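Encoded as structure tokens, the structure appears first; notes follow it.
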Amino acid sequence: MFNTLPGFREFYPQECAKKNAIFSVWKKAAKSFGFSEFEPPVLESLELFTEKSGEEIKSQLFEFVDKGGRAVALRPEMTPSLARMVGAKAGGIRKPVKWFCIGENYRYERQQKGRLRAFYQFNADILGEDSIAADAEIIALLIESLRAFGLGANEFKLRLGDRNLWVLFLEALGLKEDFIVKTLSVVDKIEKVSPEAFFDMMQKNLEGSGLNAEEIAWRCKDFVALKNLESIELCFKKTGSLSAEFSEKLDARIKDWKELLALLASLNVADFISVDMGIVRGLAYYTGFVFEAFQTVGTGRALAGGGRYDNLVKKLGYPDVSAVGFGMGDVTVGDLLELVGKAPSEDTAPQVYAIIGSETLRQKALKVISELRKAGIRSDYSLKAANFGKQFKAADAVGAKYAIIFAEDEDAKAGVKVKNLSNSEESFVEYSCLCELVLKSLPQKM
RNA sequence: GUGGAUGUAGCUCAGUUGGUUAGAGCAUCGGAUUGUGAUUCCGAGGGUCACGGGUUCAAGUCCCGUUAUCCACCCCA
């Protein structure tokens, strides 16, 4: 027999209904923010991903040479494809571009909880708008996309950091540009490794910089712990005398922060936000505000992450287009919803199950069923002759709301008996009124 | 890529110091039941005990290898 490949899921109808329900919540949220859906290809040229993330990424890709000799890879993320699609039409596309996408991504990794080799991700991005308003809009959408499941501020939080402030801070400590980016990826690990390991990494990282690695490490540890703007400003003052030019840059960025927080408050998501310099994101291409959403119950895993990446489109060889976006995985979100008992599921059960009491009435029943279906009512029936008990059992097993009974006695009166399967109430309905009546008693959406 | 734990029916699990034909509940299918389900009773099907090798008179049980899953690393776009 055959098994699924490691890390790949298959969705039986019940799981598929849950997955679809999550997707439709995401879609609805994105559309309510004025985002349009797009869809890039699943298979891309390998180079698109190595260009963005470096050759090392290959070890984590499903990559191979196709029959035409092309080096290709299954997409591990959507962002490079998005950057290409927007970049290719950069001149002729109306800004801001507000696009979202739900698609399966593939990563060749050893699987563990919440991390598979194939997983769906909800991505939303704004391109061509470099104002703080775009950052606020993206962050608000991220939060509303989770809140739409009924999740509250006691269940998840968004930690908001800033690579610009980090760059300024490291500059103030005397680091030169090429050391700054490297140092940021070390700082990203600070919460995940022991203090000793962190000092070691910093030592190695700053080799040849002529700086005191231990002192820098301590200062970074302080900075990571900062959770509000006032203490951040204070921390800068402690680094010593700042040049007028530097102070100006710092003041401008603090002003950006205040603007962003004000916008987020107006967008009604302030409760979910915490200022947190511990968020820097490992990736070199992030350029400004960065953020991660974490569940605050259970394992405290990351649910979504993102930030500003103004240089990516240009790096891929297209015009300079600024960008900010996030990605959210279906596995971690689904696990959290399961944990707190808020997992939604699509209702796929038939609304009506026809009981065909006599085979002589099958033709007539099918005609009525066909009418019901045309009216958008989910309708089902037994494909083979069976007695009443069997058919009722089947109606119950598939979760139907109503049974409509086709039988000689009722047919003589040109109608059917309709039975509400949840309270066992029965009534006689003429064929001509059936559609209307069923629609009326099923006012909820189809 | 590294380390640890686990693998018995579709699912959840029993299975004694190694000992005859590997069990249960749920689920599935059939019947009681040719005008009524969710809530009755009876029955049936379903197993290469993950796969391969070894030890033994005898292996689901012990040993080795492989594979898969889970967990922890690495990495995390």
Side-chain angles (χ1 to χ4, degrees), chain A residues 1-10 12 14 44 48-54 56-61 73-83 105-117 119 121 123 125 185 188-189 191-194 197 201 280-286 290 292 299 301-302 304-307 309 312 323 325-329 331-332 349-350 353-361 382 384-411 416-426:
Chain A
M1 297 302 142
F2 299 97
N3 293 320
T4 54
L5 290 167
F8 281 79
R9 285 177 294 174
E10 54 196 354
Y12 283 87
Q14 205 184 342
E44 292 271 17
L48 178 65
F49 303 117
T50 53
E51 186 65 30
K52 180 197 156 202
S53 312
E56 321 82 69
I57 201 74
K58 273 170 79 170
S59 67
Q60 287 167 60
L61 291 177
L74 288 171
R75 63 184 180 207
E77 58 169 327
M78 300 292 184
T79 313
S81 306
L82 166 68
N105 295 337
Y106 309 87
R107 297 181 187 174
Y108 199 87
E109 295 182 291
R110 186 78 144 255
Q111 61 179 317
Q112 52 182 288
K113 199 172 187 64
R115 269 178 70 186
L116 302 169
R117 287 184 171 181
F119 55 94
Q121 201 167 291
N123 278 261
D125 297 86
S185 51
D188 183 49
K189 307 253 185 309
E191 291 179 2
K192 298 159 196 160
V193 302
S194 67
M201 286 165 75
V280 297
R281 311 274 293 162
L283 266 86
Y285 73 79
Y286 282 113
V290 286
E292 286 178 24
T299 51
R301 275 194 327 218
Y309 53 100
L312 182 63
F326 71 83
M328 183 183 292
V331 181
T332 44
Y353 195 98
I355 310 284
I356 301 169
S358 156
E359 282 304 302
T360 57
L361 292 167
S382 172
K384 61 183 176 193
N387 64 37
F388 270 73
K390 264 260 164 354
Q391 294 190 62
F392 270 101
K393 255 182 199 153
D396 183 58
V398 298
K401 320 268 182 303
Y402 290 92
I404 57 175
I405 303 155
F406 293 85
E408 306 288 0
D409 293 355
E410 286 77 10
D411 186 55
V416 291
K417 205 182 265 181
V418 175
K419 178 168 181 175
N420 180 333
L421 289 170
S422 43
N423 62 14
S424 295
E425 275 172 23
E426 293 188 0

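Everything numeric here is computed off the predicted structure, so don't read it as measured data. The analysis underlying the following values was restricted to heavy atoms, covering all of them including side chains, and did not include hydrogens, waters or symmetry mates. Residue numbers begin at 1 in each chain, while the letters A, B, ... track the order of the sequences.
The shortest side-chain heavy-atom distance between A:Arg9 and A:Val331 falls under the 4.5 Å cut-off. In this structure, A:Asn123 and A:Leu82 have side chains that are not in contact, with every pair of non-hydrogen atoms separated by 4.5 Å or more.
Contact annotation for A:Pro6: backbone-only contact, meaning every heavy-atom pair under 4.0 Å involves sugar-phosphate atoms and none involves a base. Within 4.0 Å of A:Arg107, counting heavy atoms only, lies at least one base atom of the nucleic acid. Nucleic acid contact for A:Gly7: sugar-phosphate only, since backbone atoms but no base atoms lie under 4.0 Å from a heavy atom of the residue.
Under a 3.5 Å cut-off, the side chain of A:Arg117 and the backbone N or O of A:Glu109 do form a donor-acceptor pair.
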Footprint string (nucleotides 35-42 of chain B, 5' to 3'): B base within contact, S backbone only, - free, heavy atoms under 4.0 Å: BBBB-B--
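Side-chain N/O atoms of A:Lys189 include none lying less than 4.0 angstrom from OP1 or OP2 on B:rC75.
Taking the ring axis of A:Phe392 as reference, the NZ or CZ atom of A:Lys419 stays within 45° of it and closer than 6.0 Å to the ring centre.
Counting distance only, with no hydrogens placed and no angle test, the side-chain atoms of A:Arg115 and the base atoms of B:rC75 include a donor-acceptor pair under 3.5 Å.
A residue-by-residue look at A:Thr4 and A:Tyr106 shows that A:Thr4 has its nearest nucleotide of RNA chain B further toward the 5' end.
Summarising the local packing, OH of A:Tyr285 is surrounded by more than 12 heavy atoms from other residues, nucleotides or ligands at distances under 6.0 Å.
Between A:Lys52 and A:Glu77 there is a salt bridge, since at least one side-chain N of the basic residue sits less than 4.0 Å from a carboxylate O of the acidic one.
Taking a pair as Watson-Crick or G-U with both hydrogen-bonding distances under 3.5 Å, the stems of three or more pairs touching RNA chain B are B:1-7 with B:67-73, B:10-13 with B:23-26, B:28-32 with B:40-44, B:50-54 with B:62-66.
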